[in-house]
Structure formats: C-alpha cells, structure tokens
Protein chains: 2
Amino acid sequence: MDRQLDAEVALRLARADQRYTGLRRALVEVLAGAGRPLTIPEILQSRPGLSQSSAYRNVSVLVDADVVRRVTGAGDHGHFELAEDLAGHHHHIVCSSCGRVADVVPSPGLERALDEAARATTGFEVTEHRFDLVGVCAECR
Amino acid sequence: MDRQLDAEVALRLARADQRYTGLRRALVEVLAGAGRPLTIPEILQSRPGLSQSSAYRNVSVLVDADVVRRVTGAGDHGHFELAEDLAGHHHHIVCSSCGRVADVVPSPGLERALDEAARATTGFEVTEHRFDLVGVCAECR
DNA sequence: CCTTAGACGAGAATAGTTCTCATTTCCAAT
DNA sequence: ATTGGAAATGAGAACTATTCTCGTCTAAGG
C-alpha cells in the first residue's frame, strides 16, 4: 500500500484516539485498490473470513476519523470510499438499473461552476457539494 | 390543488394502469404544497389518520408512475418530492446535522456546466444529474 | 511476563421499508 | 339501483441493512 496514504491514515486515526489495526489497514487497502465506492458485501467478498459486524464497525470508525466517506443514493447498500482529500476530488455515476457506482473525474470548468453555485446559496453554511450522474451502465444496456 | 398538475397526475397514473384515488390525491397535494422533499413521517404528520403502510405503498405507486421522485442521501429516512417535470428542475441542500432538505433553484450557467459534464461521460447512457449541496442550516448553527 | 484497554466475532436487537391478508371501496355492466 | 369483480386500504407481520451487546482474545506498555 501507498506509504504516504498509510501514514496519513495512521495520523487521522491517532487524532481520533483509535488504533490502526490490521483489520483497519485491510479495509483501507481494499478501498484504495477498488477505485470506486464499495458496499459492505463487496468488501466482505474481497476479504473472506472477515466478519460482517467488524466490517461495519471499522468502516464506521474510519468514517468518524475522516478516512472514509459514505456515498449514498445507489440502491439498498451504502457505498464507501476513501475521503476526498486522500483519493482526490471526483464525482460518481450511478447505474439506475444495477446500482453500480463508478468514479468520474470532473473538469476544472465544471468545478468552477459548482463552487459558484455553492457560494450563491444563502441560509446554509455550505461545506461540501455532491454531483452525481445517473444512467445505465454498459452491462445493463 | 393546481388543475393542470391534477390532470397530469391523472394521466400518468392512467398510463401506469393505476387509479387516482383520494389518498393518492392527498399525497400529491401534500408534496406539492411542501416546496421541499418530505419524509414518510412528515407526510403522516400532515395527514393524521393516514396509515403508514398506505403512505409507503402509495408513494411507491406514484414513484413508479413518474409522478414522485425519491431523494436519497439525507439521513435515515427517504425523502419524496414531485417529479422534476411537474415541480420544475431544481437541486437540494442537505443539512448535515439534522438531515433537513431544502430546494435550491439553479442558475442557467450552472445548468450549462452540469449538462456539459453529463455529455462528456463515456460508458454510461446518462439520464439524469443530481447536484446537492451539503451544509449546516440556520437552526442547527 | 502481566495487565488491561481496546478490538474482535457471533448473534441479538433496531429501524426503515415492504409484504400479507382480511376487509372495504370503487367502477362497470346489467 | 344492484351486483360482481378488481383494486385499494389498514394493521401488523416480515424483511433487510445496519448497529449494538457481550464474552473472548489480542497486543502495547510497564
């Protein structure tokens, strides 16, 4: 696994008073290697023997430590990916048929427009934006 | 309730081989009057006596008939609103603290940028885009 | 080593949502 | 109007993703 990523994750867990255990390292590895948001069942498949309760518990710890982010809006299962400042800012495209989620790298022009929209909003203190495309993936088509 | 909306909903339900019952009319009224996506508990509050199972069932019927759309990514409950072509295209801002969702009307420039991004995506047949802001609402702040 | 706080796994518990089924309502044809 | 059948309704059971509980085990620091 990437050394710098490893060190940054260790730092964030330490900040949250959490240990960087083998299981948590494994979760970070799986998510870093996937290149797209994964569900808990998908994570369990890639690490046979890992118990479901531990997967949920530790993903939750990683979310609280700002290492992992939960992605919603794609079928029944939550999807998980590395935090944006670890994996790079990107958006998602969701298949409306099978729920699969793929990463999309945005253009600078798009980002400028999105930030502008965030600034124009009143009444809320905007902290984040989400831009997802919805469509049908090649397999489902 | 708006006559044109009423007729359009009747048409869509007929297309889906569904009746436009009093309960379904009530649901459309509540959603049209809210001006923001509502959860099932919120809908139940505004129509006392309405049973939970009927609310879920009929909202689902309305979703299948393309009258209502489910909004995800805001807390534990799903939120429901009128379909975009009935209520007008808009985006949402979600309070990360309490889960409340408000509507946001986008600028033409933003829409142009979003459409461009959709066109640039390959591998998927893009049918829709979602752009949500996340922040903290005035009450929670 | 030993101690002890925390992590682990298995399964129970929870909560949002969907399903079942007995009853009622609605519509159409007589 | 009346009746027959198809669909809607409501109460509660069932389902499923997720979280919690608790007894056991691991591992870091003294």
Side-chain angles (χ1 to χ4, degrees), chain A residues 9-10 12-30 37-45 47-65 67-81 94 98-101, chain B residues 9-10 12-31 37-65 67-81 94 98-101:
Chain A
V9 171
R12 293 187 187 195
L13 282 170
R15 262 198 228 122
D17 275 314
Q18 293 285 350
R19 297 182 185 166
Y20 196 11
T21 66
L23 212 153
R24 291 170 190 176
R25 195 177 303 263
L27 289 175
V28 171
E29 261 174 42
V30 170
L38 298 179
T39 63
I40 295 293
E42 284 171 336
I43 292 171
L44 290 174
Q45 278 196 332
R47 294 280 152 156
L50 171 55
S51 93
Q52 193 186 48
S53 59
S54 293
Y56 275 107
R57 175 157 27 78
N58 286 295
V59 161
S60 177
V61 167
L62 292 170
V63 168
D64 288 345
V67 172
V68 166
R69 165 173 121 86
R70 174 187 233 118
V71 178
T72 58
D76 289 336
H77 285 84
H79 287 66
F80 298 92
E81 65 180 0
V94 180
C98 69
R100 168 173 278 260
V101 182
Chain B
V9 171
R12 294 189 188 192
L13 281 170
R15 259 198 231 122
D17 275 316
Q18 293 286 347
R19 297 180 184 167
Y20 196 11
T21 66
L23 213 154
R24 290 171 190 174
R25 195 177 303 265
L27 289 174
V28 171
E29 262 174 40
V30 170
L31 292 178
L38 298 179
T39 64
I40 295 292
E42 284 171 336
I43 291 173
L44 291 175
Q45 277 197 332
S46 72
R47 295 279 151 156
L50 171 57
S51 94
Q52 192 186 48
S53 58
S54 293
Y56 274 109
R57 176 157 27 78
N58 286 295
V59 162
S60 177
V61 167
L62 292 170
V63 168
D64 289 345
V67 172
V68 166
R69 164 174 122 85
R70 175 187 232 117
V71 179
T72 56
D76 290 336
H77 291 270
H79 287 66
F80 299 92
E81 65 180 0
V94 180
C98 68
R100 169 173 276 260
V101 182

K.L.:
Do the non-hydrogen side-chain atoms of B:V67 and B:V61 ever get within less than 4.5 Å of each other?
P.N.:
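Not in contact.
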K.L.:
Please find the pair of heavy atoms, one from A:V94 and one from A:V101, that lie closest to each other, and give the distance.
P.N.:
CG2-CG2, 4.4 Å
K.L.:
Taking atom C1' of D:dA17 as reference, at what distance in whole Å does atom CD1 of A:I43 sit?
P.N.:
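These atoms are roughly 14 Å apart.
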K.L.:
With heavy atoms under 4.0 Å as the rule, sort A:L23 into base, sugar-phosphate or nothing.
P.N.:
sugar-phosphate
K.L.:
For A:T21 and for B:G78, locate the closest nucleotide of DNA chain C by heavy-atom distance; then report the residue assigned to the nucleotide nearer the 5' terminus.
P.N.:
A:T21
K.L.:
Take atom CZ of B:R69 as the centre, draw a 6.0 Å sphere, and report whether it contains more than 12 heavy atoms from other residues, nucleotides or ligands.
P.N.:
yes
K.L.:
Nearest whole angstrom, please: distance from the C1' of D:dT18 to the CG of B:D76.
P.N.:
10 Å
K.L.:
For nucleotides 23-28 of chain D, tabulate all protein N/O to nucleotide N/O atom pairs closer than 3.5 Å, reporting atom names and distance.
P.N.:
none

K.L.:
Which nucleotide wins on minimum distance to the side chain of A:Q18, given the candidates C:dA7, C:dT18, D:dA8?
P.N.:
C:dA7
K.L.:
Could you check how far CG of A:D64 sits from P of D:dT19, rounded to whole Å?
P.N.:
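My rounded result for the distance is 10 Å.
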K.L.:
Would you call A:R47 and A:E29 a salt bridge, taking side-chain N to carboxylate O under 4.0 Å as the test?
P.N.:
yes
K.L.:
Is there a side chain to side chain contact (heavy atoms under 4.5 Å, CB included) between A:T39 and A:D76 once you walk through the steps?
P.N.:
CA-CA 10 Å; A:T39 63; A:D76 289 336; over 6 Å; no
K.L.:
Counting only non-hydrogen atoms, which of residues 51-58 of chain B are less than 4.0 Å from DNA chain D?
P.N.:
B:S51, B:S53, B:S54, B:R57, B:N58
K.L.:
Can you check the A:D17 CG to C:dA5 C1' distance for me, whole Å?
P.N.:
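My rounded result for the distance is 12 Å.
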K.L.:
Figure out the CZ/C1' separation between A:R47 and C:dG9, and round it to whole Å.
P.N.:
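Answer to the nearest Å: 18 Å.
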K.L.:
Which atoms form the tightest heavy-atom contact between B:A65 and B:R12, and what is the distance?
P.N.:
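Closest heavy-atom pair between B:A65 and B:R12: O-CB, 3.6 Å.
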K.L.:
Please state how far atom CG in B:L50 lies from atom P in D:dG10, giving the value in whole angstrom units.
P.N.:
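Rounding to the nearest Å, CG of B:L50 and P of D:dG10 are 6 Å apart.
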K.L.:
Is there a donor-acceptor contact under 3.5 Å from the side chain of B:R24 to the main chain of B:R19?
P.N.:
yes
K.L.:
Nearest whole angstrom, please: distance from the P of D:dA8 to the CZ of B:R25.
P.N.:
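Computing the B:R25:CZ to D:dA8:P distance gives 14 Å.
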K.L.:
Rounded to the nearest Å, what distance is computed from the OH atom of residue A:Y20 to the C1' atom of nucleotide C:dA7?
P.N.:
16 Å
K.L.:
State, yes or no, whether a side-chain contact exists between A:L27 and A:F80 at a heavy-atom distance under 4.5 Å.
P.N.:
no
K.L.:
Report yes if a side-chain nitrogen or oxygen of B:H77 is closer than 4.0 Å to either non-bridging phosphate oxygen (OP1 or OP2) of C:dT17; otherwise report no.
P.N.:
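Result: yes.
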K.L.:
Assess whether atom CZ of A:R25 is packed by more than 12 heavy atoms of other residues, nucleotides or ligands within 6.0 Å.
P.N.:
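Enclosed.
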